[in-house]
Amino acid sequence: MSDQKKRNLSILGTDAFTGIKTQAPAQYAAGIPAVKVAIQHAMKEMGLVKAAKVLPKMNQKEGFDCPGCAWPDPEKPSKLGEYCENGVKAIAEEATQQTVDRDFFAKHSVEELSHWSDYQIGKAGRLTEPMLLRAGSTHYEPISWEAAYEQVAKSLTELIHPDQAIFYTSGRSSNEAAFLYGLFARAFGTNNMPDCSNMCHESSGVALGETLGIGKGSVTLDDFDQAEVVMVIGQNPGTNHPRMLSALQKCKENGGKVISINPLEEAGLIRFKNPQEIKGVLGGGQALTDIHLQVKINQDIPLLKAILKQLLHIERTEGDVFDHDFIQQYTQGYEPLIADIDTYDLSSLIEQSGVAVEKITAAVQLLAKRKKIIVCWAMGLTQHKNGVANIKECVNLLLLKGSLGKPGAGTCPVRGHSNVQGDRTVGIMHHVSPVLNQAIQKTFGFTPPDHQGFDTVHAIQAMHQKKASVFIALGGNFVSAASDSMYTATALQNCKLTVQISTKLNRSHLITGETALILPTLGRSEMDQKNGKRRFFTVENSMGKVHQSKGLLSPISNTLQSEPEIIGNIAHAYFGEKHTIAWKTLSEDYDQIRQKIAAVIKGCENITQRSQGTGFYLPNNVRTLDFSKLPNGKAQFTCCDLPQHHLEQDEFLLMTIRSHDQFNTTIYGLDDRYRGIYNERRIVLIHPDDMKTHGLTKLDTIDMMSIYNGQQRIAHKFLVIPYNIPKGNLAAYFPETNVLIPHDQYADKSHTPISKSIKVRIKLV
Ligand SMILES: Nc1nc2c(c(=O)[nH]1)N[C@H]1C(S)=C(S)[C@@H](COP(=O)(O)OP(=O)(O)OC[C@H]3O[C@@H](n4cnc5c(=O)[nH]c(N)nc54)[C@H](O)[C@@H]3O)O[C@H]1N2
Ligand SMILES: Nc1nc2c(c(=O)[nH]1)N[C@H]1C(S)=C(S)[C@@H](COP(=O)(O)OP(=O)(O)OC[C@H]3O[C@@H](n4cnc5c(=O)[nH]c(N)nc54)[C@H](O)[C@@H]3O)O[C@H]1N2
Ligand code: SF4
Ligand SMILES: [Mo]
């Protein structure tokens, strides 16, 4: 038996129930309850003094960027505070007073900790010093920074080929850290740079790149003020991008309309009580959604096709629906698209979508004569086998309406992690970019590898097959975030060394390679100083704007190092003094890193100066309607196939979603207030008719089983909650359900796991 097996680890942690309470789902988001909950989290984790110091600086000029989501700040931040309930939770989680130190690790074995829930593990607190888990050892022990760096360098040196190392990134790292990390991976000789984006908006990047020539969205915050229609598809902004509700509110106040497309009626899209306004606190707030299309899971393409077909009908009978000048001047593929739409039968499309015909007609009426349309989306579109096609169908609609490159219109993939977009901009990617490679060659004098590296799913497979054996993570919680938990765990356990550069304890510190290192780092909110000089770093928001972020709190421990320093020190330990890059000097001086970013990344010229104040926008060819890089210099229409799910009578499609009290694998609390679920995460939402068919009553316990390629995977113990969800569909939280998703089931082209459409059966236990 290997040392790993001897550790007798739990891959998933305890599955004990925590004491569920339920209520009717909420009919609005934010308001007084949000303020109350935010204060509770702030007080519990940070205490009054710290909270009072840190919150006024969040998302303010000269302050620090919220570590939550990537939603942009308004040009003129409010003096009342420019953050939301979940932003407060994010900062409370980071700036907690709880610490995980050497005594903690001496007291608790890795095996014991692995049996804790993710919630318990996260609440243990901030990591304070570098720790080493030796091969065969039961406990982590302290290690000096120097010895830790030597250990990493030694393991990297022992590899036969650089492609045996994997450099994972989660989207919270700064541009400076991510740039240096990508540079090190390339100098080391590999493009194995999987990142959280592979599990997230990769489908958006691929679809937008192929149709519009840039993998990012085109709208800016101001566009919401002017939009005539905003479509929110497969996204739950009330929980995951709460300040987006202010943008939707403004749109509505200016006469705009909101269409939401979602299998659930999410409270945040029903009504918003803006806590910054008297009428939001005392009054009824602002109704947001005008039309909710309750689509079945992964039937957005049939729905969008039904909408396009009806729009085409009005175009043919009345005209003035499509923007023919725009289509003529800027696009390619119009005729094939129209011919393709004509081949579909409207009633079959509508039936497949699961949406009532009157609702679709009402949406079509809203869209028909309006020209300024924004389409927003997130994981509800990207995490399916046909995730890329989902987004291309949205692009078709915008192209037909000429809704690009003008105020109030465009694409809005709403990004997750606060700097996930920036990390990509500065070079975190597994693909080869000849332009980037040339710029690196010119600036640094070495030639980066010219073959593609592993994305997330292929990195997991490579580790599983022992083709890769050193795994380094710049943030994140790989074992819990990735699909196929058991398979991913084995993959990591097959490694010789796993290294986690982290702020907080998580499961990836417990499910490790033969030897494991924890390298604790500074959080966003903490003061980053060198020789008495305060350093700042830069980030890019979901709309392509780059700005500065400067922490202000005293670090939780004076042993912590910043992310760029950790990367620089690893590189220094590996390459030594004689390398063409002076890693240590570079990593300590962020201005110098930015100068290199400016030299290498197009659009980042003078980044240090231009990122001051509210910052600057990166170039975006859609905003200027420049499609010169695409075939024939035109934006591309696409004929998308219908999604296929062959479900047996007793099979469901399961979507794995976020509760209101989590940030990915970080569990802030056990409530999902807007959905009326309290103090429990092991729940599954199901239609009352499906409960009847399966002989279930509320709060019965079921197991969920997925069967792919003859292999059964089981997620144990979920409490049944009757819910307004389409028949045949289920919803449950991740990461508890990641065990059900096979590692080889992912989106075509983007390789994003199918986290939102998993075929499962259920069994009463
Ligand atoms: N507080 C908080 N904020 C976060 C995060 C967090 O965990 N907590 N995570 C961050 C990250 S990394 C990301 S990527 C974003 C994620 O933000 P979201 O994408 O909003 O997150 P999910 O909970 O995955 O929600 C997906 C939504 O899509 C719907 N949906 C599921 N399947 C389908 C479908 O087939 N069609 C349609 N039309 N809708 C569908 C679900 O009902 C749900 O409302 O949020 C970011 N912000
Ligand atoms: N089934 C299912 N699986 C999913 C999803 C889903 O919807 N369903 N969503 C996917 C998505 S969209 C994403 S983005 C991934 C997320 O995947 P990851 O990004 O890997 O996971 P997180 O839970 O965000 O990572 C949290 C950890 O990051 C560390 N951390 C926090 N802040 C910092 C920091 O400033 N610096 C450093 N170095 N570390 C820090 C902390 O140790 C914390 O425990 O999960 C994916 N997995
Ligand atoms: S909307 Fe996102 S970035 Fe803004 S305060 Fe809330 S969590 Fe932070
Ligand atoms: Mo994400």
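For this chain, numbers begin at 1 and follow the sequence in order. Indexing begins at 1, ligand by ligand and atom by atom, following the structure's order. Atoms considered below: every heavy atom in the structure, side chains included; atoms not considered: hydrogens, waters and symmetry mates.
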**Request:** Begin with the C-alpha distance, continue with both residues' side-chain angles, and end with the deciding distance and a verdict on salt bridge (Lys or Arg N to Asp or Glu O under 4.0 Å) for Arg524 and Glu563.
**Result:** CA-CA 11 Å; Arg524 280 275 167 94; Glu563 288 182 343; over 6 Å; no
**Request:** Show the numbers, then the answer: is there a ring-ring contact (aromatic ring centres under 6.0 Å, His included) between Tyr668 and His660?
**Result:** CA-CA 9 Å; Tyr668 300 141; His660 192 59; 9.2 Å; no
Measuring from [atom], which candidate in [options] has the nearest non-hydrogen atom?
{"atom": "atom 37 (C) of ligand 2", "options": "Glu563, Arg172, Glu93, Glu202", "answer": "Glu563"}
{"atom": "atom 34 (C) of ligand 2", "options": "Leu522, Thr503, Thr456, Thr752", "answer": "Thr503"}
{"atom": "atom 7 (O) of ligand 2", "options": "Lys756, Lys504, Met379", "answer": "Lys756"}
{"atom": "atom 44 (O) of ligand 2", "options": "Asn506, Thr521, Leu740", "answer": "Asn506"}

Lys/Arg N to Asp/Glu carboxylate O, [X] vs [Y], below 4.0 Å:
{"X": "Lys89", "Y": "Glu45", "answer": "no"}
{"X": "Lys504", "Y": "Glu93", "answer": "yes"}
{"X": "Glu266", "Y": "Arg675", "answer": "yes"}
{"X": "Asp661", "Y": "Arg673", "answer": "no"}
{"X": "Arg713", "Y": "Asp484", "answer": "yes"}

For [atom], what's the nearest protein heavy-atom neighbour? Residue, atom name and distance, please.
{"atom": "atom 1 (N) of ligand 2", "result": "Asn738 OD1, 2.7 Å"}
{"atom": "atom 8 (N) of ligand 2", "result": "Thr656 OG1, 3.0 Å"}
{"atom": "atom 11 (C) of ligand 2", "result": "Arg658 NH2, 3.5 Å"}
{"atom": "atom 46 (C) of ligand 2", "result": "Ala481 O, 3.6 Å"}

**Request:** Classify the angle between the aromatic ring planes of His201 and Trp377 as parallel (below 30°), tilted (30 to 60°) or perpendicular (above 60°).
**Result:**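 Ring orientation of His201 relative to Trp377: perpendicular.
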**Asked** Should the pair Tyr746 and His751 be assigned to parallel (<30°), tilted (30 to 60°) or perpendicular (>60°) ring geometry?
**Response** tilted
**Request:** Quick one: give me the number of protein N/O/S atoms under 2.8 Å from atom 8 (Fe) of ligand 3.
**Result:** 1
**Prompt:** How far apart are the C-alpha atoms of Arg681 and Glu736, what are their side-chain angles, what is the distance that settles it, and do they pass the salt bridge (Lys or Arg N to Asp or Glu O under 4.0 Å) test?
**Reply:** CA-CA 8 Å; Arg681 289 184 52 81; Glu736 289 83 348; 2.7 Å; yes
**Prompt:** Looking at Ile501, which atoms of ligand 2 are within less than 4.0 Å of one of its heavy atoms?
**Reply:**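 Answer for ligand 2: 37 (C), 38 (N), 39 (N).
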**Prompt:** Going by the order shown, which atoms of ligand 2 are within less than 4.0 Å of some heavy atom of Tyr168?
**Reply:** 17 (O), 18 (P), 19 (O), 20 (O)
**Prompt:** Hey, is Thr737 touching ligand 2 through its side chain, its backbone, both or neither, going by heavy atoms under 4.0 Å?
**Reply:**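 Under 4.0 Å from ligand 2, Thr737 contributes no heavy atoms.
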**Asked** Between Gln383 and ligand 2, which residue portion shows a heavy-atom distance shorter than 4.0 Å: side chain, backbone, both, or neither?
**Response**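 Side chain only; the backbone of Gln383 stays clear of ligand 2.
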**For Ile714 against Val739, the heavy-atom pair lying closest together** =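 Minimum heavy-atom contact is O-CG1, 3.7 Å.
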